[in-house]
> 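Here it is: the structure, laid out below.
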Amino acid sequence: MEYHGSIASGGVAIGKTFVFAPYVPSVSQRTVTPDEAEGELKALDDAAARAREELTAVVSRLEASDPEKAEIVSAHLAIAEDEELLGEIRRAIAEKHYCVSRAIRETYDEFSAPLRETEDAHLRERVSDMDDVCTRLLRCAEGVPETTLADLPERCIVVAGELYPSDTVLMDPGKILGIVTERGGITSHTAIIAKSCGIPALLGVKDATRLFPTGTEVVLDALEGKVVTETAGETLKCYTALRDRESLRQAAAAAYLCRAAVTKDGTVIDVEANIGSASAGALEAASYTDGVGLFRTEFLYMESSQLPDEETQYRAYRAALEAYGDRPVVLRTLDIGGDKTLSYMELPHEDNPFLGKRALRLCLDEPALFRTQLRAALRASVHGNLWLMFPMVGSLDDLRAAKRAVAEAAAELDREGTPRRADLKLGVMIEIPSAALIADLIAPEVDFASIGTNDLVQYLTAADRLNSEVSPYYQSFHPAVFRTIKTVADAFRANGKDLCVCGELGGNPAAAAALIGLGLRRLSMSPSNVAGVKQIIVNLTVAEAEETARRALSLSTAAEIEKNLTDFVRNKIGGDGAI
Ligand code: PEP
Ligand code: MG
């Protein structure tokens, strides 16, 4: 049988599935008889011992590799071992005759209630630690084994309803052959992470968790967009051959990884990296890219169990700047909201979060949060070539408010005598159509801009980037997208200002050719796309790119444009292109 989905990251994987289903506690309101209480007390002791064992194992595994995370888990261990808390749970069972799950939940709720109320933000953040340990204890009491992406038993294809950024930050990419989810669109953060790790991924496969239970042998064909469950005999042979061919194709493109991205007629294109952290792995891209075109700083916030303080952020930004030396590092200020939430920060419920208080809107509304990030960025600016970029700018009002916040943070540092770079470049993401349409008004007020095609396509086509039900409407090659990019490119060229494309479209070799034809000279992408894009750049002249862009602009539908651009690139690189 074959089951279809949307390709988020290309490739072929063959292996066993692992269904990732985060535990959802079910708390009974049951009371027990005095006779039964004995059994519940024993269940509590067993659960507490199991929780301790699990946490101790995680701490010892993380101590060498990630001391900061180890510290967080140690704090969880301390909560799990807290005798006062355990004593209260025992009393709830023995005296109130609560069943074990009710006793655990109600006691934890009582202990965390004052923390929820407090004005002290740091203490309030402890609530999420308490909730985390409480859930663990409930799971252990139910006898449900832990499933995290942090320690998968073997290399496998992960199958999930949906993967949230908080799940993927824990995953060990080396253990993951592929990803299949029931929900999520091709520019969701799961897709972005899969791409950056070079993991084949298919999203929007209906009923995947039911159809492919843990241990099912499947072929994940993320070239054709399907999961195949008949993996015996000839089928397996064919797919094994396909997987091997795909590896060879990737190897052929890989030969271009470290080449300078110069077109056949000598035009230099800056090929930059999209990164989500300043880890050694992420900064490897410094050896083959011309800068960081997008540092998604929100990952720093999502990986942490509390708001990262100024010093933590400063260290991360400084590491990225030092790795890139004179080359630009575009640091995007916090883009939280939409699909990205923080476990320790309560965001208001919104019916349309992608149209809500997201990114810059949230930062302008939370000046202390914004100020911490801006101070960290400005302090780090003396260590390299930092460009600061604001996401979700829809008007000049947004831009000017953001600039005021930067000026305030800068003035504060100056008063303290803390050094910062005075010639810092400030720019915006063009990802809201209203900003694209006033690109001529924005360009004079910024040093640079970067087109975020992931959101731009979502807002232009009115199709939620995460909702696989509307993925046919989310058309990255829609004529409106190319017309909009042309408008922005013309305005920025007229004003002599730098313009980049940092959405997924920039990392697609077929689209990249057209973007160069529209005048783009900077493209930023997931490191896994760099080789493929450089391969087309060095085989292309600017005149050919311009002709390609003209043709794309003359066509009427997304399908026609995509086919035309893909055929062009295939012809250019002899059919073995990374497309
Ligand atoms: C975009 O919207 O294109 C973009 C690069 O930002 P993100 O995917 O993080 O929203
Ligand atoms: Mg965006």
Side-chain angles (χ1 to χ4, degrees), residues 8-9 163-165 168-169 184-196 201 203 272-277 282 291-303 329-342 353-363 387 389-394 398 402 427-436 448-467 474-478 480-482 484-485 488 499-508 511-512 515 520 522-529 533:
S9 169
L163 289 179
Y164 292 100
T168 50
V169 291
I186 56 164
T187 55
S188 64
H189 281 77
T190 304
I192 288 164
I193 296 245
K195 232 176 198 176
S196 74
L203 311 184
E272 303 180 347
N274 291 352
I275 61 173
S277 82
V292 169
L294 173 65
F295 185 160
R296 289 185 164 97
T297 59
E298 57 275 10
F299 281 87
L300 224 68
Y301 290 69
M302 292 189 300
E303 278 171 8
V329 172
V330 179
L331 200 145
R332 177 175 75 182
T333 59
L334 183 62
D335 184 356
I336 217 74
D339 66 326
K340 290 170 285 186
T341 55
L342 300 176
F354 274 121
L355 301 181
K357 206 200 272 181
R358 194 192 145 185
L360 182 63
R361 297 171 180 180
L362 182 80
C363 288
W387 299 17
M389 176 164 77
F390 309 114
M392 288 290 286
V393 167
D398 295 347
V428 296
M429 290 204 63
I430 304 271
E431 51 187 347
I432 301 183
S434 60
F448 71 97
S450 191
I451 305 180
T453 53
N454 305 340
D455 278 311
L456 185 63
V457 172
Q458 152 167 275
Y459 297 128
L460 277 175
T461 61
D464 183 339
R465 64 192 270 189
L466 295 183
N467 182 352
Y474 182 97
Q475 299 180 339
S476 303
F477 288 84
H478 195 294
V481 174
F482 287 89
T484 308
I485 294 173
V488 179
L499 182 68
C500 180
V501 169
C502 66
E504 292 300 298
L505 205 62
N508 177 312
L515 294 173
L520 269 295
R522 289 179 57 218
L523 300 172
S524 189
M525 62 204 68
S526 159
S528 66
N529 290 335
V533 169

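Just follow the structure's listing: the first ligand is 1, and inside any ligand the first atom is 1. Side-chain atoms are counted along with the backbone in the values below, which use heavy atoms only and exclude waters and symmetry mates. Not measured: the values here are computed from a predicted model.
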> Quick one: which of Met392, Arg296, Met525, Arg465 has a heavy atom closest to atom 10 (O) of ligand 1?
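It is Arg465 that holds the nearest heavy atom.
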
> Check side chain to side chain donor-acceptor pair (under 3.5 Å) between Glu431 and all other residues, then give those that pass, not counting sequence neighbours.
none

> For Arg358, counting its heavy atoms only, list the atoms of ligand 1 lying under 4.0 Å from any of them.
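It comes down to these atoms of ligand 1: 10 (O).
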
> At a 4.0 Å cut-off, with the gap strictly under it, does some heavy atom of Met429 reach an atom of ligand 1?
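In this structure, Met429 qualifies as a contact of ligand 1 - some heavy atom is under 4.0 Å.
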
> Name the residue from Leu505, Val533, Asn529 that meets the side-chain contact (heavy atoms from CB on, under 4.5 Å) definition with Leu523.
Val533

> Would you give the length of the straight line joining atom CZ of Arg332 to atom CG of Leu360, rounded to the nearest 0.5 angstrom?
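Reported to 0.5 Å precision, the distance equals 11.5 Å.
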
> Quick check: do Leu466 and Gln458 have side-chain heavy atoms less than 4.5 Å from each other?
no

> Hey, is Leu456 touching ligand 1 through its side chain, its backbone, both or neither, going by heavy atoms under 4.0 Å?
neither

> Are Met429 and Cys502 packed together at the side-chain level, in the sense that at least one heavy-atom pair is separated by less than 4.5 angstrom?
yes

> Restricting to under 2.8 Å, identify the protein N, O or S atoms around the Mg ion (ligand 2) as residue plus atom.
Glu431 OE1, Asp455 OD2

> Relative to the heavy atoms of Gly503, which atoms of ligand 1 are at a distance of less than 4.0 Å?
3 (O), 5 (C)

> Using the test side chain to side chain donor-acceptor pair (under 3.5 Å), find all partners of Asn274 that sit at least two apart in sequence or belong to another chain.
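Per chain and number, Asn274 pairs via side chain to side chain donor-acceptor pair (under 3.5 Å) with Ser524.
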
> Test side chain to side chain contact (heavy atoms under 4.5 Å, CB included) on Ser450 and Met389; report intermediate values, then the result.
CA-CA 8 Å; Ser450 191; Met389 176 164 77; 3.6 Å; yes

> Considering only heavy atoms of Leu294, which atoms of ligand 1 have at least one such atom less than 4.0 Å away?
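Answer for ligand 1: 5 (C).
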
> In terms of atom number and element, which parts of ligand 1 are under 4.0 angstrom from non-hydrogen atoms of Gly452?
1 (C), 2 (O), 3 (O)

> Please identify each residue that fulfils side chain to side chain donor-acceptor pair (under 3.5 Å) with Thr484, with sequence neighbours left out.
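With sequence neighbours excluded, Thr484 shows a side chain to side chain donor-acceptor pair (under 3.5 Å) to no residue whatsoever.
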
> Taking the side chain as every heavy atom from C-beta outward, state whether Val481 and Gln475 have any pair of such atoms under 4.5 Å apart.
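No, too far: nothing below the 4.5 Å cut-off.
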
> Taking both backbone and side-chain atoms of Asp455, is any N or O found less than 3.5 Å from an N or O belonging to ligand 1?
yes

> Which of the numbered atoms in ligand 1 are under 4.0 angstrom from any heavy atom belonging to Glu431?
1 (C), 2 (O)

> Do the non-hydrogen side-chain atoms of Phe477 and Asn508 ever get within less than 4.5 Å of each other?
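Yes, side chains in contact.
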
